[in-house]
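Report on one structure; see the data block that follows.
Only heavy atoms go into these numbers, but all of them, side chains included; no hydrogens, no water, no symmetry mates. Each ligand, and each atom within it, is numbered from 1 in the order the structure gives. If you're wondering where the values come from, they're calculated on a predicted model, not measured in any experiment.
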Amino acid sequence: MLVLVINSGSSSLKYQVRDVAAGTVLTEGLIEKIGMGNGGGGDGEPVGPRDHAEALEQVDAAIHEELGDQELGAVGHRVVHGGERFAEPVLIDNEITRAIERLNPLAPLHNPANVLGIRAITRKWPKMPQVAVFDTAFHRTLPEHAWRYAVPDELYTNHGIRRYGFHGTSNEYVARRSAALLDLPVEEFDGVIAHLGNGASVTAIRGGRSVDTSMGFTPLEGLVMGTRSGDLDPSILVFLGRAGWTPEDIDTMLNRESGLKGLAGNNDMRSVVEASESGNDKATMALAVASYRLAKYIGGYHVAVGGAKALVFTAGIGENSQQFRAQVADRLGALGIELDAGLNAGRSKEPRVISTPQSAIPVLVVPTDEERAIAEATAAVVSSIR
Ligand code: AMP
């Protein structure tokens with residue numbers, strides 16, 4: 001089955017067409033500046049599509065050119081927030097679209113854009129099966145003691161304030177591939193997965209299911225990220241509010257100006273590593289803060305899963321930064337974790353082991369592929385209803 005995978009943002013639309021059986025990508029692309037016009041200046045700025053429907057026309061033209069008369073079998077949407085309702089991918093109908101829309105307050109930047117993408121497809125191809133694959137769904141197995149914040153119950157009951165977790169699609173895929181590499185059924189996989197991209201989270205997996213994860217009510221909680229702070233004392237926000245910062249000021253500071261960028265002046269891990277290696281003290285400090293934070297979580301999650309059978313690194317930094325992996329592993333000596341320097345320095349698109357045979361547990365690098373996971377989930381849902 002050919003599946004069009006759509007990742008719809010407020011002003012962008014990323015797409016990929018995949019042949020699910022063959023595991024191949026037939027074509028892919030990114031449409032940007034949706035709804036941005038030409039900035040009103042007429043100064044040569046490229047004009048983006050007017051709206052998501054017009055962006056979809058561009059996608060249609062581009063994929064038609066590549067695919068000729070091969071037909072799409074389904075569309076799979078990456079949907080950021082599935083709230084408490086969605087524990088797995090679902091076939092989209094009007095009621096599901098409205099349910100995703102009702103979750104807008106929980107993901108105000110993402111869910112409305114996802115709904116725009118769904119509605120654009122519904123209008124253009126009314127008969128096309130569409131599946132929503134939720135970033136939160138994999139974490140619906142968190143036990144209550146892990147998802148509760150210790151605040152008055154009404155915050156949960158009236159506002160849905162609890163921990164949801166994100167990066168679920170990636171985690172589910174990486175857990176499966178890690179179990180396969182270890183020759184275990186996924187139901188017997190207990191491990192810790194560090195998904196380290198521009199957004200970063202770490203997840204505790206017990207019996208193939210998520211039992212804790214570092215992102216919470218929003219993707220801000222947890223690790224030090226490219227531009228996000230991760231954990232901090234909530235009183236800091238009260239302090240800043242009293243000092244006259246608006247909610248928007250605080251939001252921008254925590255989500256866009258913090259993390260590696262706040263500490264080292266650069267949100268890109270490769271640049272921070274390079275700066276540190278050429279003697280930049282702030283970059284060295286930023287790497288220490290980020291690796292220390294992650295190591296603390298790994299230690300905690302090793303306990304949460306009852307003894308991990310593996311530590312797994314994935315996503316941009318996890319897959320590519322041997323320096324950051326080494327710094328994290330250096331802090332995990334108490335767990336008996338030991339990297340093999342040669343294997344850690346190697347590169348491959350395939351899942352691999354980077355620890356020594358003496359390491360108490362294997363350390364893996366498992367490339368993630370969210371689009372592939374979404375395409376497979378979409379094909380599975382559509383096949384099950386045919
Ligand atoms: P992602 O969001 O998964 O695309 O990951 C983006 C992050 O991966 C950025 O911080 C990049 O600097 C980092 N990254 C990508 N390639 C490398 C590399 N070769 N070495 C270090 N970091 C990398």
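Between Ser321 and ligand 1, no pair of N/O atoms sits closer than 3.5 Å. In terms of polar-atom proximity, Met269 is counted as a contact of ligand 1, with an N or O under 3.5 Å from an N or O of the ligand. Polar contact with ligand 1: absent for Gly199 (N/O pair, distance under 3.5 Å). Here's the thing with Ala315: none of its N/O atoms is less than 3.5 angstrom from an N/O atom of ligand 1.
Every atom of ligand 1 is numbered from 1 in the order shown, and the set under 4.0 Å from a heavy atom of Gly197 is 1 (P), 2 (O), 3 (O), 5 (O). For ligand 1, the atoms sitting less than 4.0 Å from at least one non-hydrogen atom of Arg347 are 19 (N), numbered in the order shown with element in parentheses.
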TODO: Evaluate the side chain to side chain donor-acceptor pair (under 3.5 Å) criterion for residues Arg18 and Thr24: first the C-alpha distance (whole Å), next the side-chain angles of each, then the deciding distance (0.1 Å), finally the verdict.
DONE: CA-CA 6 Å; Arg18 304 198 61 120; Thr24 51; over 6 Å; no
The test is salt bridge (Lys or Arg N to Asp or Glu O under 4.0 Å); show your working for Arg148 and Asp153 and say whether it passes.
CA-CA 9 Å; Arg148 279 274 180 182; Asp153 191 48; 2.7 Å; yes
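Cluster membership check: Phe217 does not share its hydrophobic cluster with Leu223, using side-chain heavy-atom separations under 4.5 Å among Ile, Leu, Val, Met, Phe, Trp and Tyr. Note: the hydrophobic cluster containing Trp125 does not contain Ile118 (ILVMFWY, side chain heavy atoms under 4.5 Å, direct or indirect links).
Phe166 and His81 have perpendicular rings, their planes meeting at more than 60° on a 0 to 90° scale where under 30° would count as parallel.
Protein heavy atom at the shortest distance from atom 2 (O) of ligand 1 is Asn198 N, 2.9 Å. Closest to atom 13 (C) of ligand 1, if we only count protein heavy atoms, is Ile317 CG1, 3.6 Å. Nearest protein neighbour of atom 18 (C) of ligand 1, counting heavy atoms only, is Asn320 CB, 3.3 Å. Nearest protein heavy-atom contact of atom 14 (N) of ligand 1 is Gly316 O, 3.7 Å. Counting protein heavy atoms only, atom 22 (N) of ligand 1 is closest to Arg270 N, 3.7 Å. When hydrogens are left out, the protein atom nearest atom 11 (C) of ligand 1 is Asp268 OD2, 3.7 Å; that is the closest non-hydrogen contact.
Taking 4.0 Å as the cut-off, Val273 does not count as a neighbour of ligand 1 on heavy-atom distance.
Screening Asn111, Val133, Val131, Ile374 for a side-chain contact (heavy atoms from CB on, under 4.5 Å) with Val79, the sole residue that qualifies is Asn111.
Between Trp147 and Tyr156, the distance separating the two ring centers is shorter than 6.0 angstrom.
A cation-pi arrangement is found for Arg162 relative to Tyr164, the charged atom lying closer than 6.0 Å to the ring centre and inside a 45° cone about the ring normal.
Considering every non-hydrogen atom in both Val80 and Asp135, the closest pair reads O-CB, 3.2 Å.
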